[in-house]
Amino acid sequence: MESLFGDTYEPQDEKSRLYADVILPVPIPKMFTYKIPRNLAEDIGIGFRVMVQFGQKKVLTGIIGKVHQKPPKEYEAKPILDVLDTYAMVNPLQIKFWAWMAEYYCCHIGEAMNAALPSGLKLSSESKIQLNPAYDSETSMYPLDSREEVILQALASQEELSYEDCERLLGVKSIHGIIKSLVIKEAILVFEKVKDKYSPKVETRIRLTQEYATDKKALERLFQEIASKPKQEEVILKYLQEIPVYQKPELNLKGLDKKAFTEAGLSMSSLKTLMKNNVLEEYKLIISRFEEISESKEEIVLSEEQTTAIIQIKGYFEEKHVALLHGITGSGKTEIYIQLIKEALESGSQVLLLLPEIALTTHLVGRLKKVFGSKMGVYHSKFSDNERVEVWNGVISGKFPLVIGVRSSIFLPFDSLGLVIVDEEHEASFKQYDPAPRFQARDAAIMLAWLHQAKTLLGSATPSFESFYNARTKKYGYVPLDRRYGDAQLPAYHIADILKDKKKNLLKLEMTRLMREKIQEALNNQEQVLIFQNRRGYSPYLVCEDCGVSPECEHCDVTLTYHQFAEELRCHYCGFKEKVPKACHACGSVKLVAVGLGTERIEESLTLLFPEARIARMDLDTTRSKYGYQRLLEEFGAGNIDILVGTQMITKGLDFEKVTVVGILDADRILFFPDFRAGERAFQQITQVAGRAGRREKKGTVIVQTRQPDHHIYEKIVNGNYKKFYIEDMTERQKFFYPPFVKLIKISSRHKDKNVVEKAARHLHNLLNDIQVKKIMLGPEKGLIGKIKNQYIFETLVKLDKSGNAQAVFKHDLQLILEEMYANKEFRSVRVVVDVDPY
DNA sequence: AGCACGCCGACT
DNA sequence: GTCGGCGTGCTC
């Protein structure tokens, strides 16, 4: 496999290191060749961050993607200005991975780089000003005003000032005008200074000075001296109590956290005096942001089924790159993961476990932390930049051979992955749609593993149909795990007919009689209830009772969402907000009512229907804070909540025995979404939510409210018949040419002028249509949402033949066509977005 | 994406 | 006469 590791990876002699192709964060689809100055040649290589001049004015930081000796033909390469690292921040495999991503997902390698680097590693340059050495206030022909004088005076004592410094100095909001004026008057110069955004966490520690630490007699003398100073004595005693220097003198080296003194309520001034008298000293220690946890020796006990599954997985790994573990909820996938991770780590490989965002906050992380301790790094979107950089460095240094993380953790600097696990593989959140690269992390992870010659294990209770298809066509290994732990039973499903109840006047506050009865029953038995509402397109909005008009966003083609709590209308696409209007904009009527079942409304309805129950809501609003989610879960686990209403989130990792009833308020919203995956999604979501009901002894109850109780999907859900539904859905997909039978590429055009986009989209569509590959094209059509942020959207959907080189040819020609479009002045302002494998 | 260069209108 | 509008082309 030597070619995969790149021809430039091996150290080369200096003569061959003349030029570097640098990846820059600019939207130009190529690398830029710079000259490597002789004096830098020694300490430069692939993956080093460098500073380069780009264009006339800009200094950018980029990453070296390639080192070579071919001088560019058409221009003289500029020199690299500086190297920022003493070791490569990025390894050659990562650059290969970015390049693959750029090609596959039709984006620029710079965009891939941008997505990969935690912003703490992206150096930002900050504009600073300094005195112009050529300036002489005596002879200058331009008079300065008072504010300009202040700045010049400050520069007399300080070499440089940032813009913010100047703003603070003058107490004005925007300094640009003044700076510009000073530049024109030739009094100052503006320059760019690169600053590293990552700052290590430092702890101030206190220890005895050399003299007292090594000499017991000195210490005894000290005690006599301070006998009359009880405050100082306390400080010393505290130190000796925490750090028994007498017994273990070497402990003094690390000393004690300064906070320990403050927390013990000791006198800070005494501490200072002791330091002044050279008894104690202070020093700074760089510490990790992550707690040190040692791994447990606890043996994982595997059931017979799990052992068999592991043997099967390993068997498949002999010949295939990917295996799919199809294990229903509660079938014990976690233990299998743990065992496989252990083995991979023992063989010296790195392991990546990918999880969807919401699953990361749950007990699984704690569970793994217990087993793998501080060998495990966690990469989460709620982590700060500094924390992310620490995980990044931890992967390089070998501190974290195991990482569990979200989508973006596929970009961490692994150099020897042995195993990649994608749990909840079917989750749509693995796909990133904005900004580019619009990648599917599950698919990219498989590619990543392949680059490392590692294996990928996909796990799900309800696999994506793509993965299941790959399993059935033997591309992936397939390992079913279908017995519930402790033989817990499948829940009992009840399909509740919304329309029937409505006719009979049994529908109260959107709850069918069955739903209400089952909830009441659970409450009577002191059991817990989960109510699920799909978020997608199901937010409450206002409607005018007189003319039927709903307030819409000024910038987007959507109705505004009603947020009762803040008394606001909001646009979920552009963030536009306005106070709830008093009257209808269209007819002036004041009869504006809220419709639609947002989680807030449901919570309210439930309060009315079950006034005695304790009800809580779990959605984006209530869990925005870092630990908001966890807090709600704990409350629920402790039994302080009877009914929990939530979105998607509640389907993940909630594992509470007292939940016996799960209600799905409107299954139709998922099922009749205009998307070829709607059926698959409905099946997955309903099954996943249902999996939260009844574990162990008690059989759970699931109530699914729908207007179409006869839809064929329900029969399969009720019987847990994944495969039957899969087969039916596949026939449809094959008939209408949808994945996995074709490759989808969505091309959308956006522009503020509707006529311009429409014309551009037509033109583009025609050009694409002329590409000589086997394909079907749909469109161009107005987007599902016709306008977002004042940009009109038109979309073309391309269904490409999967066999042969249709994909490669199409993507190649697409690139040329986009360039051609850009060269056309009529269309150059139209933004074209390419989404490969759209969701 | 920025940013410079360049060629046309409304101002001191 | 100039300042500045933004069309267009380039960035190693």
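Lettering of chains follows the sequences in order, A, B, ..., and the numbering in each one begins at 1.
Residues satisfying the salt bridge (Lys or Arg N to Asp or Glu O under 4.0 Å) criterion with A:Arg388, sequence neighbours excluded, are absent altogether. A:Asp770 meets the salt bridge (Lys or Arg N to Asp or Glu O under 4.0 Å) test with no other residue; sequence neighbours excluded. In terms of the salt bridge (Lys or Arg N to Asp or Glu O under 4.0 Å) criterion, residue partners of A:Lys743 (sequence neighbours excluded) are, by chain and number, A:Asp837.
For the pair A:Leu24 CG and B:dG2 P, the computed distance is 13 Å after rounding to whole Å. Between the NE2 atom of A:His108 and the C1' atom of B:dG2 there is a distance of 15 Å, rounded to whole Å.
Within 4.0 Å (heavy atoms only), A:Pro72 reaches no atom of the nucleic acid at all.
Contacts classified as side-chain hydrogen bond (donor to acceptor under 3.5 Å, both in side chains) and involving residues 815-833 of chain A (residues at least two apart or in different chains) are given here: A:His751-A:Ser829, A:Lys759-A:Glu826. Residue pairs meeting the ring-ring contact (aromatic ring centres under 6.0 Å, His included) criterion with at least one partner in residues 102-122 of chain A, sequence neighbours excluded, are A:Trp100-A:Tyr104, A:Trp100-A:Tyr105.
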Can you name the atoms? Protein N/O to nucleotides 3-11 of chain C N/O, anything below 3.5 Å, with the distance.
residue	atom	partner	partner atom	Å
C:dT11	O3'	A:Gly55	N	3.3

